[in-house]
Number of protein chains: 2
Amino acid sequence: MTKRTEQEEQIYYETEASEQEFLEWYRTKEHKKYERPSVTIDNVMLAYNREEDALKILLIKRKAHPYKGCWALPGGFVNPNESTDKGCLRETFEETGVQLKESNIEQLYTFSTPNRDPRDWVITVSYIAFLNQEALKAGDDASEAAWFDITLTEGFALLHHQMENIDLNIGAETTSAASTGNLAFDHEKIISTAIKRIIGKMYYQPRLLTLLGESFTIAEARKVYAKFLGVPYQTLDHSNFKKDLLKFLKEVDERPTGVGRPSKFYALDIPYLK
Amino acid sequence: MTKRTEQEEQIYYETEASEQEFLEWYRTKEHKKYERPSVTIDNVMLAYNREEDALKILLIKRKAHPYKGCWALPGGFVNPNESTDKGCLRETFEETGVQLKESNIEQLYTFSTPNRDPRDWVITVSYIAFLNQEALKAGDDASEAAWFDITLTEGFALLHHQMENIDLNIGAETTSAASTGNLAFDHEKIISTAIKRIIGKMYYQPRLLTLLGESFTIAEARKVYAKFLGVPYQTLDHSNFKKDLLKFLKEVDERPTGVGRPSKFYALDIPYLK
DNA sequence: CGAATAGTGTCTTTAAGACAATATGCC
DNA sequence: GGCATATTGTCTTAAAGACACTATTCG
């Protein structure tokens, strides 16, 4: 609370009014003269395409200034009667038609550098959203949204769009916002922060496996992990990988198909992820 | 961006105005009619008292509704021309007179549950601030600020004030905000989130050691770790503890005092913590 | 049966943990 | 020298990693 508010509240308190009276007084007085920022959500929406063995990120082409023509993270304003979590879920639904659960999203970081939006004072709460591949139909039409391939190598990432030739380095030391100029605002920084977060948590809280939907095989999990680690999936030893991950999984009854010994199917079994 | 804004921007874009013209147009029009939240910072300010071997947290007694008489985290509104990081440093200085560096603070989480403040729509970006013990003079006078002892046992924490008898459980599963009624708003939840974050990161990013100031001994570091782990420091084997931590430390030239073999002094040496 | 793929087992290497032995300064 | 405390070293145990072998399905 600022000094001024404290003072006013102090004066009011000394009248020994009830809490109910106080709240009524508070709401009617012109308390909102303190400047307020817009608060938005920016959503790093990721999906994994099993057929292509490719990691995808949804970006939206800006049709207006600033950053006209640049690609940007999907996002929007937070509404007064929702948490940012709910706002993220709503935004994801509006953008892709997919209704996620809280276990599919994770708050990432709040970015607030002054002038990060040249128009106005905007603070953004960023999120990571793990979509399963059925979401990939969004952006297929000629709309302004498109799924980009995201290719990581150890320590940095390359984003590559099939149509346009966007090269974007997400290094370990990305510093100034949107330094390469391909992504709007500080969204490059947000994406690199997201990737680092995912990599950092993958071995003790494998939420990224929700990219694979309800159930999946060890081999599929290996491929997803390999994508984030920026290595061919064969370099992750199947036996050891399974040994590490099994504590988060429960076996489910599902019949596989295809050549080779049929693999078992697993689902995430992490109570606190709800 | 909401649909409406997008549309307006789209219309403007089609006039082929320059970016400069656009920004002027944008700022003059009544774009700020979207409701905005207040954005505050809540600061989990921690300190460690070597003499007492005690962990401390700074709380402020609320003199006004709501939560009149409850203890609350220090905090305040974010200013338009500062990042939340800078706001946290400013707030810490205003409250304690201590000018911290960015390496002493860490953004924790952004809390935005509707009605978390009964007065108004308030979103808060919470921070952890590691103060060294010289900060402990703040709150010594008869002001409304006081340093509380914070005592953790494995899995939960007990906050205990010397004067008043506040008992506060910070369990692993603290759910509803301020459920015990001793702390204002959702500050109990914020504190428990902070503790869990510190414990989770202590072995790969030991920022908590900035509680000890510029330099410290292995034994002191052990004691700080033990406080957060909720165990007597003797249960952490000195030899093994040192082996784990040494990769983050550099030896510094400092002469110890007291009985027993003199210990070496170390300082944090983690480049990316800056 | 052979190719392909998954599962399982074993051995080696490395890290973690327990504990003992040695070093240093103060009284 | 005796005590207190820190450092260093060793041994044991558990985890991580490399690699080989077995199992199952399809054509």
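For the numbers below, each heavy atom of this structure counts, side chains included, while hydrogens, waters and symmetry mates do not. Chain letters run A, B, ... following the sequence lines, proteins first, then strands; residues in each count from 1.
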How long is the line joining [atom1] of [X] and [atom2] of [N], in whole Å?
X        : N      : atom1 : atom2 : answer
A/Phe265 : C/dA6  : CZ    : P     : 10 Å
A/Leu249 : C/dG7  : CG    : P     : 11 Å
A/Phe241 : D/dA18 : CZ    : C1'   : 17 Å
A/Gln234 : D/dC19 : CD    : C1'   : 16 Å
B/Asn240 : C/dA21 : CG    : C1'   : 15 Å
B/Glu251 : D/dT7  : CD    : C1'   : 11 Å
B/Asp237 : D/dC11 : CG    : P     : 16 Å
B/Leu245 : C/dG17 : CG    : P     : 13 Å

Using the rule side-chain contact (heavy atoms from CB on, under 4.5 Å), only one of A/Leu100, A/Ile105, A/Thr210, A/Val44 pairs with A/Phe130; which is it?
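With A/Phe130 as partner, side-chain contact (heavy atoms from CB on, under 4.5 Å) holds for just one option, A/Thr210.
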
Quick check on [N]: is either OP1 or OP2 less than 4.0 Å from any side-chain nitrogen or oxygen of [X]?
X        : N      : value
B/Lys242 : D/dG9  : no
A/His238 : C/dG7  : yes
B/Lys243 : C/dA16 : no

Got a donor-acceptor pair under 3.5 Å from the side chain of B/Asp244 to the base of C/dA16?
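Checked by distance alone, the answer is no.
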
Give the nucleotide from the list [options] with an atom nearest to the side chain of [X].
X        : options                : result
B/Ala219 : D/dA6, C/dT8, C/dC19   : D/dA6
A/Arg261 : C/dG25, D/dC26, C/dG7  : C/dG7
A/Ser263 : C/dA6, C/dC19, C/dA4   : C/dA6
A/Pro262 : D/dT25, C/dA18, C/dT24 : D/dT25
B/Ser239 : D/dG9, D/dA4, D/dT22   : D/dG9

Between B/Tyr266 and A/Gly258, who's closer to the 5' end of DNA chain D by nearest nucleotide?
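Taking each residue's closest nucleotide, the earlier one in sequence belongs to B/Tyr266.
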
Comparing A/Val259 and A/Lys247 on DNA chain D - which has the more 5′ nearest nucleotide:
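First, find each residue's nearest nucleotide; the 5'-ward one identifies A/Lys247.
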
Mind checking if A/Thr217 touches a base, just sugar-phosphate, or nothing, with heavy atoms under 4.0 Å?
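Since no nucleic acid heavy atom lies under 4.0 Å of A/Thr217, the category is nothing.
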
To the nearest 0.5 Å, what is the distance between OG1 (A/Thr92) and CD (A/Glu94)?
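That separation rounds to 9.0 Å.
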
Between A/Tyr203 and A/Phe248, does the ring centroid distance fall short of 6.0 Å?
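Not close enough - the centres of the two rings lie 6.0 Å or further apart.
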
For the backbone of A/Phe111 and the side chain of A/Thr124, can you confirm whether one donor and one acceptor N or O come within less than 3.5 Å of each other?
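It does not hold such a pair.
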
For the residue pair A/Asp53 / A/Tyr48, report whether a side-chain donor-acceptor contact shorter than 3.5 Å exists.
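Yes - a donor-acceptor pair under 3.5 Å links their side chains.
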
